[in-house]
Amino acid sequence: MCERGSPKSPPPSGFGLRLRLLTSYLVLLMVALGVIAVALLLLIGNRPAPPQPTYERLAALTQGLNLLDFIADLPRDPDLDFIQEQIPELLDAFAESRNVRTMQIWLTQDGPMVLYDSADRFEPGQAIHLRVDSYKSDPLAKVLRRGGEQFFGAFADPGGSEWLYGGVMFQQQRRLLGRQAGDNLWILAEPRPTVRLHETLAVFSNSLAPPLIQAGLAGIVFSIILAALISRTIAKPLQRLAVAATDVARGDYAVHVPASGPPELRSLADSFNRMTAEVLAANNAQRDFLGNVSHDLKTPLTSIQGYSQAIIDGAAEDPKEAAQIIFEEASRLNRMVVELTDLEQLQAGRLSMKLETIDMSLLADGVVQSLQVLAANQGITLESSCQAVSPIRGDGDRLAQVLTNLVGNALKFTETGGVVRVATKAQGHGVSVTIHDTGMGIAAEELPRVFERFYQVDKARGPRRGTGLGLAIAREIVEAHGGKITVSSRGRNRGTVFRIWLPGV
């Protein structure tokens, strides 16, 4: 920790952090844009081409796919079987002359079935799944105005390759070949084309690159502005925290950091403020403790030194009385050391507990009886209202120490004529012990600190003051038993109530 007198170092600059954040945002943005561009090119380069150009080409070829034209070259009055035998030859000739795949499909109630395939991919009688598209060709519709229906779509080969088709079903077929033959669909098919990468690059460079570059530049400018604002909202709270941490290192524990920025930074600022508040409270308590201890040590040591010197010089009128005072002051010093040692061991979890079954009503009543003489000497009424309760598991000596401390404090801070009441009752799955007095009370602002070590509510009671460790020790003992101790008061001169709850067996 820096000394208070050391020169102040300049506050840390947030520019370096903001610059690093801004740079990281820009690098991340450029990497993201690059990945998006590469992925876009690869996806566009590998995607299937639009089917419309293939549909248009197939529609133009389909205009020549007319059964009547085929039959015109056949002998006069052919029978149906002869025509069915000639159709594959006619379709095969059409496929070779137009460099296109031809197929004859029979539309049955169970679905389409292949009767002929010029590519020999489907066996005769094999089922085929035809996906029908909504595309229609106007020129082909004019050719089919006398009757016929056009179909466009796609199908998959048994090997998995995808083909686009265009086909017709003529009404003349029904009249010429019979009702069953009228359910025949004649189609032309080509493999579905894909867009090549070099074609994509050519289109990209000619059409897409300029607007994409312009959009990217606009996005970069906007991202720089946004990144600068975001980095500032992160860097500025961190810079304030760094300055505050430097102040705390110099000993300024009252520093407060405003909570701003993202939720994580606000939480960090709140945690920092709670830490400094606790450090300040501990520092004030320690300073109070040092003042109290120095006073409490000085008084008995002065008495011990004075009476010892008087005995040595033979100036003591009653050496036995002087020796008694020396003994009492030494005992007081010993109690202080024991309390400090107990508190340190309790907080470190090194103080052993001898657990046994305890009746808290009997224990509380015993503590009240042991302090009746002290209460009577002070003119205070000490009452006990201890109901029968279920037993608990605990260290009887330590719990008696807690009750003795609380009842002793109540007697200490209650004026003559006052009343102190101790009561026990069953509460929840445990036992509640209440110590209520009509004494000086505790101010509302001091209630949260009464269990702090070294803290004393009454700082002006002279030799009657304690070390400020009793209540801290009491809380540690109660919490070591799995219980809870609380305090309440309606204010100065309106009494105080301490409540202890301990879990049952």
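For this chain, numbers begin at 1 and follow the sequence in order. Because the structure is a prediction, the values reported are computed rather than measured.
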Under the 3.5 angstrom rule, does the side chain of [X] hit a backbone N or O of [Y] as a donor-acceptor pair?
| X | Y | answer |
| --- | --- | --- |
| Q387 | A426 | no |
| H256 | A277 | no |
| Q378 | L411 | yes |
| S370 | V367 | yes |
| D395 | K354 | yes |
| T276 | N273 | yes |
| N283 | V279 | no |

For [X], is the [atom1] atom crowded, meaning more than 12 foreign heavy atoms sit under 6.0 Å from it?
| X | atom1 | result |
| --- | --- | --- |
| E383 | CD | yes |
| F272 | CZ | yes |
| E479 | CD | yes |

Nearest non-hydrogen partners of [X] and [Y], listed with the distance:
| X | Y | answer |
| --- | --- | --- |
| R121 | S161 | NH1-OG, 4.1 Å |
| A259 | A269 | CA-CB, 3.9 Å |
| T424 | C386 | OG1-CA, 3.2 Å |
| V478 | W501 | CG1-O, 4.3 Å |
| G394 | L399 | CA-CD1, 4.5 Å |
| I311 | A323 | CD1-N, 4.1 Å |

First locate atom [atom1] of [X], then atom [atom2] of [Y], and finally report the distance between them rounded to the nearest 0.5 Å.
| X | Y | atom1 | atom2 | value |
| --- | --- | --- | --- | --- |
| I326 | S308 | CD1 | OG | 3.5 Å |
| L363 | I358 | CG | CD1 | 6.5 Å |
| E162 | F155 | CD | CZ | 9.5 Å |
| L502 | I392 | CG | CD1 | 4.5 Å |
| S488 | H436 | OG | NE2 | 8.0 Å |
| F498 | T434 | CZ | OG1 | 12.0 Å |

Under the criterion side-chain contact (heavy atoms from CB on, under 4.5 Å), I'd like the reasoning laid out for L403 against I435: C-alpha separation, chi angles, the key distance, then a yes or no. CA-CA 9 Å; L403 294 180; I435 298 92; 4.3 Å; yes

With a 4.5 Å heavy-atom cut-off, do [X] and [Y] have their side chains touching?
| X | Y | result |
| --- | --- | --- |
| R240 | V243 | no |
| W163 | D157 | yes |
| L471 | N409 | yes |
| L371 | L382 | yes |
| Y165 | V132 | yes |
| S385 | R421 | no |

Results of side chain to side chain contact (heavy atoms under 4.5 Å, CB included) for E278 - residues two or more places apart only: none

With sequence neighbours left out, write down each residue that passes side chain to side chain contact (heavy atoms under 4.5 Å, CB included) with S489, or none if nothing qualifies. I442, L447, T496

Apply the side-chain contact (heavy atoms from CB on, under 4.5 Å) test between S432 and each candidate in K484, K425, M360; give the one that qualifies. K425

Determine, step by step, whether N405 and I473 satisfy the side-chain contact (heavy atoms from CB on, under 4.5 Å) criterion, reporting the C-alpha distance in whole Å, the side-chain angles of both residues, the deciding distance to 0.1 Å, and the verdict. CA-CA 9 Å; N405 179 276; I473 292 174; over 6 Å; no

